[in-house]
Amino acid sequence: MGREEDHELLQELRPMLVTSAGQDKPQLPQKRFSVKSASTDHDSDDKLVCVTSGVSFLGLAVVNLLLLRGYSVRIIVYNSVDVEKLREMTTANVNVTVVMAKLAEVESLSQAFQGCRGVFHTSGYTDPAGLSGYTKSMAEIEVKASENVMRACVTATVRKCVLTSSLLACVWHEQNDLSTIPVINHDSWSNESLCIHKKLWYALGKLRAEKASWTLAKETGLKLTTICPGLITGPEFCSRNPTATIAYLKGAQEMYRSGVLATVDVMRLAEAHVSVYEEINKSAFGRYICFDQVIETEKQAEKLAGETSTSRNKICGNEEGFSIVHHLRYELSSKKLTNLLSRTMRSCYNQNKEYY
């Protein structure tokens with residue numbers, strides 16, 4: 001299936017995401033559904049992959065696209081409630097299995113990963129008790145969970161892993177030098193001390209989790225790539241992914257003034273995950289920044305504020321008497337990902353030409 005056909009099918013999936021948003025029953029095109037314990041490892045399909053938190057806003061989009069590409073997908077869930085949500089899916093033509101596993105236990109994850117060729121670790125953590133939806137303790141839990149996923153991949157002989165990090169792991173820097181216009185790209189890492197000082201726990205969690213994952217991948221030889229997306233948007237994204245959205249927007253005013261408050265549509269992000277995964281054995285490596293819009297104008301800020309049910313001032317602040325040229329602005333670059341997607345598009349086009 002070519003990338004153009006994928007794009008058309010992705011657009012058809014948008015109504016499913018709208019239906020899923022804010023509801024208890026995620027929708028997937030489904031051919032086969034079964035629930036397995038983490039000890040079940042009888043799947044033999046060479047295109048079997050596993051998605052952690054496959055009922056989340058991003059996880060659901062990744063699962064849908066993988067199924068369109070012909071993969072068999074094993075979804076990891078963490079409680080019986082999510083199992084029941086998936087059990088009640090009614091549409092057809094999907095090869096999906098559901099496994100309950102614990103991110104806090106390497107053995108549980110390893111059993112869930114058995115037989116899988118690849119893992120998409122899309123999980124994130126939120127704490128309803130936290131004012132931002134994400135506390136310092138949750139950052140520590142996220143790091144441990146990511147380490148467990150990496151270790152389980154090695155134990156289960158998983159070949160490839162795609163980790164969802166965040167653009168927040170790249171954009172937080174001290175603004176000392178106003179004489180340059182720096183570029184933030186896949187080589188950029190946020191300042192950990194600055195994240196702690198500003199109590200940006202979501203950024204800190206993503207930053208530390210990604211670094212820990214890279215350390216283990218290099219030690220074990222696991223083929224790892226990481227994707228650092230902006231704020232994930234899409235059909236009713238705030239109601240579908242509320243606490244992560246709120247946590248991401250902590251520090252929004254400073255990000256807006258620095259030119260790094262960026263968003264990405266969940267469908268584009270899912271496509272980035274699958275495309276990078278498919279290129280790991282060829283040209284994909286390292287980190288990839290993913291965004292499709294930088295919030296640069298008050299009109300854009302007002303739109304985002306409306307979508308997130310927050311005030312305009314919390315996004316862009318009070319600009320009266322404030323000259324934005326006196327604030328160091330960065331340039332975001334996703335050139336590495338754009339180049340990869342362009343190569344895969346050309347490859348599909350050339351392959352299709354052979355049939356005519």
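Just the heavy atoms: all of them, side chains too, but no hydrogens, waters or symmetry mates, feed the values below.
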Evaluation steps, salt bridge (charged side-chain N to carboxylate O under 4.0 Å, His left out), between R69 and E278: CA-CA 10 Å; R69 298 275 179 90; E278 292 180 337; 3.0 Å; yes

Contact summary for L167 and Y248, nearest pair of heavy atoms: CB-OH, 3.7 Å

Pair K198 + E254: basic N to acidic O under 4.0 Å: yes

Which residues share a side-chain hydrogen bond (donor to acceptor under 3.5 Å, both in side chains) with T52, sequence neighbours left out: H121, S123

Shortest non-hydrogen separation from R329 to Y256 and the atoms involved: NH1-O, 3.3 Å

Y134 and Y202 aromatic ring geometry - parallel, tilted or perpendicular at 30°/60° bounds: perpendicular

Common cluster, V106/Y78, ILVMFWY with side-chain heavy-atom separation under 4.5 Å: no

Exercise: identify the closest heavy-atom pair between N148 and L103: ND2-O, 2.9 Å

Side chain to side chain, W172 and M255, heavy atoms closer than 4.5 Å: yes

Residues that E192 engages under side chain to side chain contact (heavy atoms under 4.5 Å, CB included), provided they are two or more places apart: I196, L204, L207, R208

Under 3.5 Å: donor-acceptor pair, side chain of N191, backbone of E174: no

Aromatic plane relationship, Y277 with Y71 - under 30° parallel, 30 to 60° tilted, over 60° perpendicular: perpendicular

Gap between atom NZ of K250 and atom CD1 of I246 - 0.5 Å precision: 12.0 Å

Audit row: L168, L200, side chain to side chain contact (heavy atoms under 4.5 Å, CB included) steps and yes/no: CA-CA 9 Å; L168 297 183; L200 301 167; over 6 Å; no

Spacing of E302 atom CD and C316 atom SG [to the nearest 0.5 Å]: 7.0 Å

Closest contact, heavy atoms only, H173 versus S188: NE2-CB, 4.4 Å

L222 CG to R151 CZ distance, which is reported to the nearest 0.5 Å: 12.5 Å

With sequence neighbours excluded, residues passing side-chain hydrogen bond (donor to acceptor under 3.5 Å, both in side chains) with K336: none

Geometric cation-pi criterion K211 and W189, 6.0 Å radius, 45° cone: yes

Reported SG-to-CD1 distance for the pair C50 and I76, which is rounded to 0.5 angstrom: 3.5 Å

From R117 atom CZ to K47 atom NZ, the distance as rounded to the nearest 0.5 Å: 12.5 Å

Partner residues of T310 under the side chain to side chain contact (heavy atoms under 4.5 Å, CB included) criterion, sequence neighbours left out: A305, T308, K314, I315

Criterion side chain to side chain contact (heavy atoms under 4.5 Å, CB included) on Y330 and V171, from CA distance to verdict: CA-CA 9 Å; Y330 298 95; V171 301; over 6 Å; no

Partner residues of T155 under the side chain to side chain contact (heavy atoms under 4.5 Å, CB included) criterion, sequence neighbours left out: S110

Pairwise side-chain contact, L337 with I227, heavy-atom cut-off 4.5 Å (strictly under): no

Sequence-distant partners of S165, side-chain hydrogen bond (donor to acceptor under 3.5 Å, both in side chains), two or more places apart: E210

Donor-acceptor pair between S72 and N95 side chains, under 3.5 angstrom: yes

Check: K223 and N281 side chains under 4.5 Å, non-hydrogen atoms: yes

Pi-cation contact, W214 with R287 (under 6.0 Å, within 45°): no

R268 to C290 - nearest heavy-atom pair and separation: NE-SG, 4.3 Å

From T225, L224, T122, residue fulfilling side-chain contact (heavy atoms from CB on, under 4.5 Å) relative to L163: L224

Any donor-acceptor pair under 3.5 Å from Q300 side chain to T297 backbone: yes

Set of side chain to side chain contact (heavy atoms under 4.5 Å, CB included) partners for D82, sequence neighbours left out: V55, V77, N79, K85

Full working for side chain to side chain contact (heavy atoms under 4.5 Å, CB included) between V266 and F237: CA-CA 9 Å; V266 67; F237 70 92; over 6 Å; no

Over all atoms of both residues, closest heavy-atom pair of K206 and S166: CG-CB, 3.6 Å

Set of side-chain hydrogen bond (donor to acceptor under 3.5 Å, both in side chains) partners for E307, sequence neighbours left out: K303

R74 side chain to L48 backbone, donor-acceptor under 3.5 Å: no

Flag side-chain contact, heavy atom, 4.5 Å: I289 against C170: yes

Test log, rule side chain to side chain contact (heavy atoms under 4.5 Å, CB included), inputs S137 and W201: CA-CA 9 Å; S137 63; W201 307 131; over 6 Å; no

hydrophobic_cluster_shared for V149 and V143, side chain cutoff 4.5 Å: no

Under 3.5 Å donor-acceptor, N241 side chain and A244 backbone: no

Salt bridge (charged side-chain N to carboxylate O under 4.0 Å, His left out) partners for K335, two or more places apart: none

With sequence neighbours excluded, residues passing ring pair (Phe, Tyr, Trp, His ring centres under 6.0 Å) with Y288: none

All salt bridge (charged side-chain N to carboxylate O under 4.0 Å, His left out) counterparts of K102, not counting sequence neighbours: E105

Donor-acceptor under 3.5 Å (T263 side chain, L231 main chain): no

Nearest-0.5 Å distance, CG of residue D292 to OG1 of residue T233: 6.0 Å

Common cluster, I184/L194, ILVMFWY with side-chain heavy-atom separation under 4.5 Å: yes

Minimum side-chain heavy-atom gap M150-V154 below 4.5 Å: no

